[in-house]
There are 2 protein chains.
Amino acid sequence: MTAPSFRNWQSVQDEVLRRIHAREWKPGDLIPNEADLAIEFGCARTTVNRALRSLAQNGLLDRKRRAGTRVAAQPVAKATLDIAIIRNDITDRGQKYGYQLLQSRTIVPPPAISGAMKTGAGQPLLHVMALHLADDAPYALENRWINTAVVPQALDVKFDTSSPNEWLLQNVPYTNGEIAFSAKMASRDEADVLACLSQSALFKMDRLTWDNGQSVTKVQILFAPGYQMRTEL
Amino acid sequence: MTAPSFRNWQSVQDEVLRRIHAREWKPGDLIPNEADLAIEFGCARTTVNRALRSLAQNGLLDRKRRAGTRVAAQPVAKATLDIAIIRNDITDRGQKYGYQLLQSRTIVPPPAISGAMKTGAGQPLLHVMALHLADDAPYALENRWINTAVVPQALDVKFDTSSPNEWLLQNVPYTNGEIAFSAKMASRDEADVLACLSQSALFKMDRLTWDNGQSVTKVQILFAPGYQMRTEL
DNA sequence: CAGTGGTCTAGACCACAGG
DNA sequence: CTGTGGTCTAGACCACTGG
């Protein structure tokens with residue numbers, strides 16, 4: 001049996017996966033270094049590096065300088081969620097997108113908001129509430145605070161035909177952010193807007209984005225009952 | 001002003017980010033090709049490639065052969081969730097991990113399960129229910145089906161001291177999987193086990209993993225009220 | 001200190017898709 | 001057909017870190 005040759009990084013990756021899978025390399029095991037693998041696979045070290053780096057990014061390998069590469073003892077599944085603009089979420093599924101502005105005003109936020117956004121306690125922010133609809137049915141309720149000290153252009157935008165979700169993502173860059181998902185029981189008002197029963201279990205997404213240390217916007221999006229966020233592993 | 005030199009792919013990435021950020025390159029714009037950027041930045045094309053490839057992976061650029069590289073018009077935020085073993089989730093936060101097996105038996109599953117797992121309608125599966133605790137408080141309820149036709153070793157494991165969550169992740173590889181997050185109102189039984197009020201809003205994770213086209217396991221994990229899944233952007 | 005992964009380089013060929 | 005990104009190569013130096 002002749003040794004198969006591995007001509008590209010994906011086939012190298014496949015072979016490494018096969019060995020992990022077949023338990024030739026067991027969790028916790030140290031695997032050969034890049035140079036040796038390159039010789040064995042008959043390719044350049046760069047190619048092996050690319051394959052192993054990719055696997056490490058997926059959590060299947062642990063790599064450390066000098067210490068070498070090990071098969072992850074406790075694999076951590078990395079699930080990548082694509083958080084798209086809500087309009088696209090809906091139209092991509094072939095549904096009709098609808099939008100309704102519920103409220104838009106500049107007010108002094110409650111302490112919880114100004115605290116999280118690190119804005120001054122008395123500093124007013126733009127507060128927008130809007131409803132997204134799919135095929136005329138309530139889909140998600142957007143409850144957003146915008147730091148107009150950082151994004152003054154937002155004051156000139158009427159969010160009556162397109163949502164702040166859309167406008168901000170397309171027009172305001174950010175350097176980093178935090179996102180959290182949780183479940184929340186619908187309050188009476190929320191149930192009313194989302195046309196569901198009070199006390200329904202709702203899927204909630206909280207996002208806070210920053211631009212070079214200054215908060216840009218903080219948003220809570222409440223999805224109507226039945227919403228699922230899915231992805232592949 | 002002398003042109004700064006970019007000696008590594010991260011600094012190239014930073015510069016590209018800066019240009020996008022400063023709107024020198026606007027959403028939808030075609031940016032210069034790799035070769036030109038390499039000349040401008042005074043580095044090898046490989047280095048530019050690495051930087052742009054990374055940005056494309058993060059959803060900030062759209063790249064196509066022949067068509068070139070464009071700034072994403074509708075940026076899609078990619079949030080990477082690390083789905084760790086529940087025990088580690090808890091101990092990493094400095095809490096005490098506890099575990100309790102509620103039930104373990106081999107039975108014929110309801111059609112919804114055998115359908116999703118693509119097992120024969122009458123084929124029995126191993127069904128395990130277990131509770132994870134953090135500092136002695138209920139944390140998550142694991143409701144799992146295991147395809148013993150694919151993982152016969154599971155029959156020899158007593159899940160009385162460590163969970164199937166842990167055992168499977170450490171011992172059974174998979175090739176791919178699906179994962180979904182949603183919200184669910186607690187049934188009376190679930191509320192009982194999780195020591196919360198009936199009708200509480202619970203965060204739910206459903207995972208189904210496959211190994212070369214055969215289902216390995218299907219699990220539903222219900223988290224006690226207050227649970228948040230967080231990540232950075 | 002020395003072995004490992006991390007990266008850069010210059011050049012090359014290839015695959016794809018727009019015109 | 002041709003320009004673009006995608007990738008491979010061989011060699012080199014560097015940065016980190018375990019022993």
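Below, chain A is the first sequence line, B the second, and so on; all start at residue 1.
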> Contacts to DNA chain C from residues 23-33 of chain B, heavy-atom cutoff under 4.0 Å, which residues?
Replying inline: none

> What integer distance in Å separates R63(A):CZ from dG18(D):C1'?
Replying inline: 17 Å

> Yes or no on side-chain contact (heavy atoms from CB on, under 4.5 Å) for F181(B) and K204(B), after CA distance, side-chain angles and deciding distance?
Replying inline: CA-CA 6 Å; F181(B) 305 95; K204(B) 186 175 82 153; over 6 Å; no

>> Need one value for T47(B): base, sugar-phosphate or nothing, where a base atom within 4.0 Å counts as base even if backbone is also close, heavy atoms only.
In response: sugar-phosphate

>> If only side-chain N and O atoms count, and only distance matters, is there a donor-acceptor pair under 3.5 Å linking Q74(A) with N88(B)?
In response: yes

> Of all heavy-atom pairs between W210(A) and S215(A), which one has the smallest distance, and what is that distance?
Replying inline: CE3-N, 3.3 Å

> What integer distance in Å separates I39(B):CD1 from dT9(C):C1'?
Replying inline: 15 Å

> Between Q10(A) (CD) and dC14(C) (C1'), how many Å, whole number?
Replying inline: 15 Å

>> Please tell me if N49(A) has a side-chain N or O lying less than 4.0 Å from either OP1 or OP2 of dG5(C).
In response: no

>> Does the plane of the ring in H132(B) sit parallel, tilted or perpendicular to the ring in Y97(B)? Use 30° and 60° as the thresholds.
In response: tilted

>> Strictly below 4.0 Å: does T69(B) bring a side-chain N or O up to OP1 or OP2 of dG5(D)?
In response: yes

> Out of curiosity, E142(B) CD to M205(B) CE, how far, rounded to the nearest 0.5 Å?
Replying inline: 8.5 Å

>> Can a side-chain donor-acceptor contact be found between R144(B) and T217(B) if the only test is distance below 3.5 angstrom?
In response: yes

>> Quick one about E34(A) and N49(A) (side-chain donor to acceptor, distance below 3.5 Å, no hydrogens or angles considered), yes or no?
In response: yes

>> What is the separation between atom CZ on R53(B) and atom C1' on dT7(D), rounded to the nearest whole Å?
In response: 9 Å

> Given atom CD of E34(A) and atom P of dA12(D), what is their separation to the nearest angstrom?
Replying inline: 17 Å

>> Closer than 3.5 angstrom, by distance alone: can the side chain of T231(B) be matched with the main-chain N or O of T80(B) as a donor-acceptor pair?
In response: yes

> Any idea which of dG6(D), dC8(D), dT7(C) is nearest the R50(B) side chain?
Replying inline: dT7(C)

Are any protein N/O atoms closer than 3.5 Å to N/O atoms in nucleotides 13-17 of chain D? If there are, list each pair with its distance.
| residue | atom | partner | partner atom | Å |
| --- | --- | --- | --- | --- |
| dA15(D) | N3 | R65(A) | NE | 3.4 |

>> In whole Å, I'd like the distance from the CG atom of D62(A) to the C1' atom of dT4(C).
In response: 15 Å

> What class does the angle between the rings of Y227(B) and F203(B) fall in, given that below 30° is parallel, 30 to 60° is tilted and above 60° is perpendicular?
Replying inline: tilted

> Which whole-number value in Å describes the distance from N8(A) CG to dT9(D) C1'?
Replying inline: 14 Å

>> Nearest whole Å is fine: how far is dT4(C) P from R70(A) CZ?
In response: 12 Å

